[in-house]
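Protein chains get the first letters and strands the later ones, always in sequence-line order, with residue 1 at the start of each.
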Amino acid sequence: MSELLKGLNQPQLDATTHSDSSVLVLAGAGSGKTKVLTTRIAWLIQTGQINPFELMAVTFTNKAAKEMLFRITSMLPINTRGMWVGTFHGLCNRLLRTHFREANLPQTFQILDSADQLSLVKRVMKSLSIDEVRYPFRQAQYFINSNKEEGLRPDKVEPVDDFGRTLTEVYRAYDRTCANEGVVDFSELLLRSYELLLKNERLLKHYQNRFKHILVDEFQDTNRLQYAWLKLLAEQGACVMAVGDDDQSIYAFRGANSGNMLSFETDFAIEKVVKLEQNYRSLGNILDGANALIKNNDGRLGKNLWTDQGEGEPIRVFRAMTDGEEASFIIEEIQALRNSGTELKNIALLYRSNAQSRVLEHGLFSAGLPYRVYGGLRFFERQEVKHALAYLRLIANTSDDGALLRIINFPTRGIGNRTIENIRDLAERSGSTLWQAACSAPLSGRSVTAVTGFINLIEKLKNETLGFSLPDLIEHAIESSGLVEHYQKDRDGQDRLENLTELINAASAFVAERASTPSLEPQMENNAEEGFNVTELDPLIDFLAHASLEAGDNQAHAGEDALQLMTVHAAKGLEFHSVFISGLEEGLFPHENSINEHGGLEEERRLMYVAMTRAMRRLYLSHSQMRMLHGQTRYNIESRFIDEIPETILKKINDAKFITTSAAPRPHKPTMVSRNTPGGFRIGQQVKHAKFGIGIIVQVEGQGTDARLQVNFRESGLKWLALEYAKLTQA
DNA sequence: TACCTCCACGTTTTT
DNA sequence: CGTGGAGGTA
């Protein structure tokens, strides 16, 4: 047992071997939190304190879950397959699959990803004839998700105005449609399994008794529903270890509530908070800089990272005239780093928003530096893959209207909008699914054969492939659906064809992985004894859930030595030898949209903190006085975040040649300068309006008395105001 | 059905 | 400045 615990520092050891009660671990960046989590699991099992199935470990990303399982396996020779280690959504999926009857779901229920959900919301809103200008689809989607995350069903939502009432109706209709079609969105997975436990006393007791230990990673990112879910499961005295870092909470904008860390202390009667403050990643100056920055936030739980590895080099700051010059500087530095032996894959180029990558990519491309951009389309989100999956989904569950609509005429088979409208009408009138309507539709002429052709195709697929292995089924489906033929004809369909082949490979790998590690679930769960039905999972259903829950990698070509480009958000959890943070300008980073939001600036600062603490040895900060954004030249001032780092650990490098030669400033258009200052008003300035109250100038158009200002008001949102008429004062 | 033109929009995003 | 979506036309 001591073997496991070797090499842990004192706080790490305290956390790892804490017993008999819940504990909060404040784990700073690079302080070894994953090590603590996994060692603790191994230790609990190895010392016989618990059986593997009496423990649950929850993470946010599949990557983190896999990493955890991998590390556990390397410490203990046990089969981790049946263990409840996974993401919130993955574990909820498992729960709902096991107890689909109690959860009132069809056994074959499908999981909608965000894009699927959005198109369902569109369909619902169109069928309700809701004005899509006043009620943007995305906003409705957000409304639905945030209510679910608060645990509110449509009948519990209390709208304050007509706007809210309409959206609540959309929510109601949406929920009804989901039920009819047998589909479940991401937040539904959580809410449904929370309600399942809440409603089903016997089931709740079973799981409460089963899980003696619950471990939660990235606790600062939990939302209210996830917190409630955990609390419910732990109510019978499970020991919960919550590991998190309030300073790295950067997802409040999508519902994460780092206040859960405070609630946790009181709700779980925490006696001891363990702080992991020794950092094993970065050199001293980088940590000092990050510490100094984050001190400007209020209400922190409090924590100061330190290292014993020396102070290292100062943090380098570069001020460019233009965005192009900023890129040139970064590229020259990268080349220098490369020449001195740093591999490109150990260098990260970070930015606040994706739009900023273009200028950088342009420069990198010209310089011939290989780079890899993170973000963008993931494997299971690609059009051709989604089409193939839609065929599979329809085979698995014919009431999936979304899947049907996606492929009923793709590849085109002569079923036009007209025909589809008829089928929809019919379905609407008879309250049936599109599939049923299509089967019975009294259609005229050509469309009859087309529609029956489609129905026969799916039926045939279903019958012919009985007993096929999953990869064979998929291969058969993409062949006879005409997808392969369609993309063969397509001029640039090569990549898509490859992806379809890759889908078959993914299925093979999926099946192989399941086969090689048989689930311990039945023995472990003793479900039979408890009287629960455990049904063998259909591999197809299982694979489809996997595709929704784990969208796969963004990029195919990993492994080669390439510079890493990504947003700061995407960099969370990663580390690099050298890090460049670009675009450190007021309005960009901190982003102008976040300035007005409550807590917005502090979240931006945490974002900066995350960015800085990615660096192991060298950190660069850069900004530009002039930048092309959204087709407009903007003049930005240096980010306040640079000022928040002590001068003593900064080194401002403004090499003369960058100021004079490379990327000379673009010629000024005279209007540009005046844009910013009609009537003494400028972008970013806080103003007061008699009716709308306090706001910030976001944009300026025109000059003199013609000038119009766009102001973002705290209460009433974005407004365009004519300077001549609106009585604005400085606030 | 495919293509084209026009228009609106433009933080961060995992599951 | 670019892109993506929607809607109209051949």
Check your understanding: Which residues satisfy the ring pair (Phe, Tyr, Trp, His ring centres under 6.0 Å) test with A:Phe543, sequence neighbours excluded?
Key -> A:Phe510

Review point. Is the distance from OP1 or OP2 of B:dT15 to the nearest side-chain N or O of A:Arg378 less than 4.0 Å?
Key: yes

Check your understanding: Which sits closer to the 5' end of DNA chain B, A:Ser353 or A:Arg254, going by the nucleotide each is nearest to?
Key -> A:Ser353

**Study point:** C1' gap between B:dT14 and C:dT3, integer Å
**Key:** 24 Å

Exercise for review: Could you tell me whether A:Asn62 contacts a base, only the sugar-phosphate backbone, or nothing, with contacts defined as non-hydrogen atoms closer than 4.0 Å?
Suggested key: sugar-phosphate

**Study point:** Pairs where residues 110-122 of chain A contributes a residue and the test side-chain hydrogen bond (donor to acceptor under 3.5 Å, both in side chains) is met, not counting sequence neighbours
**Key:** A:Asp113-A:Lys386, A:Asp116-A:Lys386, A:Asp116-A:Arg393, A:Gln117-A:Gln141, A:Gln117-A:Asn145, A:Gln117-A:Tyr174, A:Gln117-A:Asp185

Point to revise | Near-parallel close stack of A:His569 and B:dT12 base (under 5.5 Å, under 30°) | key: no

Review point. Looking at C:dA6, C:dG2, B:dT12, which one has an atom nearest to any side-chain atom of A:Arg358?
Key: C:dG2

Exercise for review: Using a 4.0 Å heavy-atom cut-off across all strands, classify A:Gln117 as base, sugar-phosphate, or nothing.
Suggested key: nothing

Review point. Does A:Asn593 place a side-chain N or O at less than 4.0 Å from the phosphate oxygens OP1/OP2 of B:dT12?
Key: no

Practice item. May I have the distance from A:Leu588 (atom CG) to B:dT11 (atom P), rounded to whole angstrom? Key: 10 Å

Study note, to complete from the structure: Whichever of A:Lys63 and A:Leu607 has the more 5' nearest nucleotide on DNA chain B, that residue is A:Leu607

Practice item. Considering only atom C1', compute the distance from C:dG5 to B:dT12 and round it to an integer number of Å. Key: 23 Å

If you restrict it to nitrogen or oxygen atoms, what contacts under 3.5 Å exist between nucleotides 1-8 of chain B and the protein, and what is each distance?
from: B:dT1; atom 1: OP1; to: A:Asn409; atom 2: ND2; distance (Å): 2.6

Review point. Does a salt bridge link A:Arg224 with A:Glu150, judged by any charged N lying under 4.0 Å from a carboxylate O?
Key: yes

Point to revise | Heavy-atom donor-acceptor pair, A:Ser548 side-chain to B:dT15 base, under 3.5 Å | key: no

Review point. By ring pair (Phe, Tyr, Trp, His ring centres under 6.0 Å), which residues pair with A:His623, not counting sequence neighbours?
Key: none

**Study point:** Interatomic distance where CZ belongs to A:Arg352 and C1' belongs to B:dT11 [whole Å]
**Key:** 5 Å

Check your understanding: In terms of side-chain geometry, is the basic nitrogen of A:Glu132 or A:Lys126 positioned less than 4.0 Å from the acidic oxygen of its partner?
Key -> no

Point to revise | Interface residues of residues 223-231 of chain A with DNA chain B (non-hydrogen, below 4.0 angstrom) | key: none

**Study point:** Distance, C1' atom - from B:dT11 to C:dA6, rounded to whole angstrom
**Key:** 25 Å

Practice item. Look at all strands and tell whether A:Phe88 reaches a base, only sugar-phosphate, or nothing, counting heavy atoms closer than 4.0 Å. Key: nothing

Review point. Base, sugar-phosphate alone, or nothing: which one does A:Phe60 contact when heavy atoms must sit under 4.0 Å apart?
Key: sugar-phosphate

Point to revise | Cationic N near anionic O, under 4.0 Å, A:Glu361 to A:Arg358 | key: no

Check your understanding: What nucleotide, of B:dT11, C:dG2, B:dT13, holds the atom closest to the side chain of A:Thr567?
Key -> B:dT13

Point to revise | Atom pair distance, as rounded to whole Å: NE2 in A:His546 and C1' in B:dT14 | key: 15 Å

Exercise for review: Among residues two or more places apart or on two chains, list those pairs meeting ring-ring contact (aromatic ring centres under 6.0 Å, His included) that have a residue in residues 590-611 of chain A.
Suggested key: none

Check your understanding: Atom CG of A:Leu549 to atom P of B:dT13: distance rounded to whole Å?
Key -> 20 Å

**Study point:** Rounded interatomic separation in angstrom, taking CG from A:Leu96 and P from B:dT15
**Key:** 18 Å

Exercise for review: Determine, for A:Glu550 against A:Lys66, whether the closest basic-nitrogen to carboxylate-oxygen distance falls under 4.0 angstrom.
Suggested key: yes

Exercise for review: Output yes when A:Arg640 and A:Glu585 qualify as a salt bridge under the 4.0 Å nitrogen-oxygen rule, no when they do not.
Suggested key: no

Study note, to complete from the structure: Closest to the side chain of A:Asn354, out of C:dC1, C:dA6, B:dT12, is B:dT12

Check your understanding: Within this structure, what is the CE-to-C1' distance between A:Met628 and B:dG10, rounded to whole angstrom?
Key -> 14 Å

Check your understanding: Expressed in angstrom and rounded to an integer, what is the separation of A:Lys122 atom NZ from C:dG5 atom C1'?
Key -> 8 Å

Point to revise | Minimum-distance nucleotide to A:Glu604 side chain [options: B:dT11, B:dT15, C:dC1] | key: B:dT11

Check your understanding: Between A:Tyr374 and A:Arg372, is there a cation-pi geometry (under 6.0 Å to ring centre, at most 45° from the normal)?
Key -> yes

Practice item. Measure from OH on A:Tyr374 to P on B:dT14 and round the result to the nearest Å. Key: 13 Å

Check your understanding: A:Phe253 stacking on B:dT12: centroids under 5.5 Å, ring planes under 30°?
Key -> yes

**Study point:** Presence of salt bridge, A:Asp175 and A:Lys148, under 4.0 angstrom
**Key:** yes

